[in-house]
Visitor: 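Before we start, here is the structure in question, set down as structure tokens.
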Amino acid sequence: MAIERYNPRVAEPYWQKVWDERKLFEADNDDPAPKYYVLEMFPYPSGRIHIGHVRNYAMGDVIARYKRAHGYNVLHPMGWDAFGMPAENAAIANNVHPGEWTHRNIEMMRAQLKTMGLSLDWSREFATCDVGYYHRQQYLFLDFLEKGLVYRKQSKVNWDPVDQTVLANEQVIDGCGWRSGAPVEQRELTQWFFKITDFSEELLDALGELDQWPDKVRLMQKNWIGRSEGLHMHWQLVAETAPPGQSTLEVYTTRPDTVFGASFMAIAADHPLAVKAAGSNPDLAAFCEACRRMGTSVAALETAEKEGFDTGIKVRHPFDADWLLPVYVANFVLMDYGTGAIFGCPSGDQRDLDFANKYGLPVIPVVMPEDGDAATFQITEQAYTDDGIMINSRFLDGMKPKEAFDTVAERLETAQLDGNPQAKRETNYRLRDWGISRQRYWGCPIPIIHCPNCGVVPVPKSDLPVELPHDVDFEKPGNPLDRHPTWRNVICPQCGAEAERETDTMDTFVDSSWYFARFTAPWEDAPTDPEAASRWLPVDQYIGGVEHAILHLLYSRFFTRAMRIAGHVDLKEPFKGLFTQGMVVHETYKGTEGWLMPSEVRVEEHAGKRRAFNVESGDEVAIGSIEKMSKSKRNVVDSDEILDSCGADAARFFMLSDSPPERDVIWTEAGVDGAHRFVQRVWRLIGEAAPAFKDVEARPATSGKAEALSRTAHKTLKAVGEDLDRLSFNTAIARMHELVNTLQSPLQEAAAGQAKDEAALSALKDAVNILMSIMAPMTPHLIEECNRAMGNEQLMAETPWPVFDQDLVVDDSVTLPVQINGKKRADLTIPRDADQVAVERAVLELAVVQSALAGKPPRRVVVVPLRIVNVVI
RNA sequence: GCGGGUGUGGUGAAAUUGGUAAACACUGGGGACUUAAAAUCCCCCGGCUACGGCCUUGCCGGUUCGAGUCCGGUCACCCGCACCA
């Protein structure tokens, strides 16, 4: 009997409404069931949901539905990372208020997300630009300030000339702004900072416990935090050569073992000693100025020659008062790492060697390979940086560098210079404090007042929120808050004097550093309900792009620790499991007029050759490389188009099939069509056979056919469970295809009324129910429809995950491949419980084995139980 | 430069601890049904073959009864960091 095609346009909205009305996906904070928090990184409301979002949210939804079917109390919320620059750019371009633009986009994207049928708890939705949210963020800022985790200082900052704002170090990629792509400039500004460096060691150490994070991400964070063990040394300045009042030069080094290879000192252009020396030396002053101007762009760094300027100042070697070394100002020494000064050991560092060769400084080899000859070992063009043995280093000679390191450290720690130890061991980190001030309007205002009498005054909590004014203009570049006529004028809460508000807003990465905690009780007056937060957190499975490996994921780890100190949560690590999914990529098409969108192109394939044509003009267009979807290459696929033609289930199914989730997936029309056909096929098979199951009751699988069906179904059930547990969606889908292939002809027979075997029919019904259960997380609408056709009362979304039957997943007999000298020659089917001796005997009786042996005994027979047999001749 | 990853059919890929390489799917080809098309269903699809087999997981070598998987070397591509002392 033919049935109507499955129509997602009717079925999908219908089931979404049913789920919605029953509030199935709203999490209850008081539910005693074990909790499971699954979260996808919340989207920036840029305007449209694209197919990359579909993949991201489909994965999270499968996990959420799968865990819900296992009886977990699942929290799966959604919100909007809604502050940020694009809203201001849109405001400038279209003369629309950033808030209005943002809210319009949210409306649109929420509607799109809802058509995907995601099992989200919409009752907890918020946007970070809601006053209700940033109010509590200001509250957190004040708490952090009180706990000494926020401070203000003047510093050199990364200035993005296009976005006209400051960027954190993490937001400078290859010397350019992460959003604008413009080369970053250096400026001196007074900025607010979060003291993330207080946690350097802890953030690094705790990475070891994040065993459900990708190694790659942990490694990236480790490198970013950049711990190094070294020695902080004081070198004595030769008094006659030094500026007045300066007696020592402090240096940080990770290679104190090479101290006898030192041939010069180098200091940053901003180093106090350089500044002093430049005061009486115009040429030096000019050199320092040139260093500062050089900038930090990649191009500048790569082409810039290592240059130095001899200050004329000399230092004494710590182990030889008669050994004097020159002090240079060098353009490659950074003021903000270590002490802004180094000692140069040319033989052990390529950069120092290049510098020494350029300025004719001595090169003394101090480490040589263990099989080297100290008398002849020389360094000329290539520094030696490997492990080895110390030479030319007096009391260190013959030691390994590690031992020499400790020896030098011990000697200098006990030696005195001007009454202080001459050196101390020090651990340094590359991580800098997080500068959060942004000179933008569309962000969370920093709740601070600048009073002429009292200085920096925090806004009292009772005066929060500091709301953004609505009446702003974007006519001129820069921060509209800065030139607002009234907003910034305020009375000092301490002395009542006329004062001014801080007009900087917070970096939007602050917004996303605690939203996951707010979701646990978004109605609370305080930033969190600490009890609820501690119950739900950590997020059990967090899903998002690897591009946040450092920025967002490091900030959130810091924030959670800071919130703990302020009493808002009781844990340190926010994300227990992290999964970084791959991107959705697509071919690019370029016609004579420029890039074309996939929807504007028709691709034809003949005899293995693919050609693309402009749909409108019919002209052939060039097929370009497969790339990340971007507006510039126009290779974006909008979710609406796909959802409209194939439905949410097919789109979700395709996004999860084929490619493993951590890898990039190529979006193809053919791929979605395939998924769509599969959806239709499942509907047709189940829908047409359903009436045949009407009065079929559960009964034992007495026939061979029944048992075979049950075995296949239960094996699949087990395998899919294991696949989903490790987020291997693509292999889970392969198992589903296999099961459908197996069930196809029995279902067709049942539909045709030809199935006479009652036991087999019962087993088939059971198999269909299993199939529906395992497919439900991926294609929930389709399965609800099938489930109804099967006459099941309970919604599939409320049906528990079936338990596989242990007896059905283990066969009584096994088929082993039989190898002769490692090449497969036969199969042997034997009882599962046959012992090794029996297996060996059966193998040796096989005709192929007999003829290969030709009467001689085998050299060896390797029997791997339940796997393989190898006969070695 | 430093650190990490990946390389398997025409394509996406599978092979969870060393144990039948290519499951599952896409594309393509052939057939059935149809007046025809769509849809659907069936078959074929790594290479060579004297039809016995032989070769095949970037390349070269090693360990092993047995290597896509482990080890050494090498090439290519991708990602992250990068004047960090």
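Below, read A as the first sequence line, B as the second, and so on, with proteins coming before strands; counting in each chain starts at 1. A quick note: this is a predicted structure, and the numbers were derived from the prediction, not measured. Values below: every heavy atom of this structure, side chains too, minus hydrogens, waters and symmetry copies.
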Visitor: Heavy atoms only, 4.0 Å cut-off, all strands: where does A:Arg735 land among base, sugar-phosphate and nothing?
Guide: base
Visitor: So A:Arg726, base contact, sugar-phosphate only, or nothing? Heavy-atom distance under 4.0 Å.
Guide: base
Visitor: List for me each residue that meets salt bridge (charged side-chain N to carboxylate O under 4.0 Å, His left out) alongside A:Arg684, sequence neighbours excluded, and say none if there are none.
Guide: none
Visitor: Check every strand shown and say whether A:Gln680 touches a base, only sugar-phosphate, or nothing at a heavy-atom separation below 4.0 Å.
Guide: nothing
Visitor: Could you check which residues of residues 862-873 of chain A get a heavy atom under 4.0 Å from RNA chain B? Sort them by number, please.
Guide: A:Val862, A:Val864, A:Arg867, A:Ile868, A:Asn870, A:Val872
Visitor: With pairs defined as Watson-Crick or G-U wobble and both distances under 3.5 angstrom, please note down RNA chain B as a dot-bracket string, | for pairing with another strand.
Guide: (((((((..(((......[....))).(((((.......))))).(((....)))..(((((..]....))))))))))))....
Visitor: Counting any heavy atom closer than 4.0 Å, what does A:Arg218 reach on the DNA or RNA strands: base, sugar-phosphate only, or nothing?
Guide: nothing
Visitor: Which pairs of donor and acceptor atoms, one on a side chain in residues 657-667 of chain A, lie under 3.5 Å apart (sequence neighbours left out)?
Guide:
unit_1: A:Ser657; atom_1: OG; unit_2: A:Phe653; atom_2: O; d: 3.3
unit_1: A:Ser657; atom_1: OG; unit_2: A:Phe654; atom_2: O; d: 3.0
unit_1: A:Asp664; atom_1: OD1; unit_2: A:Met583; atom_2: N; d: 2.8

Visitor: Once you apply a heavy-atom cut-off of 4.0 Å, does A:Thr253 come out as touching a base, just sugar-phosphate, or nothing?
Guide: sugar-phosphate
Visitor: Between residues 814-823 of chain A and RNA chain B, which residues have a heavy-atom gap below 4.0 Å?
Guide: A:Pro817, A:Gln819, A:Lys823
Visitor: Is there a donor N/O on one and an acceptor N/O on the other, under 3.5 Å, for the side chain of A:Lys216 and the base of B:C79?
Guide: no
Visitor: What string of B, S and - do you get for nucleotides 68-74 of chain B, 5' to 3', if B is base contact, S is sugar-phosphate-only contact and - is no contact with any protein heavy atom under 4.0 Å?
Guide: -------
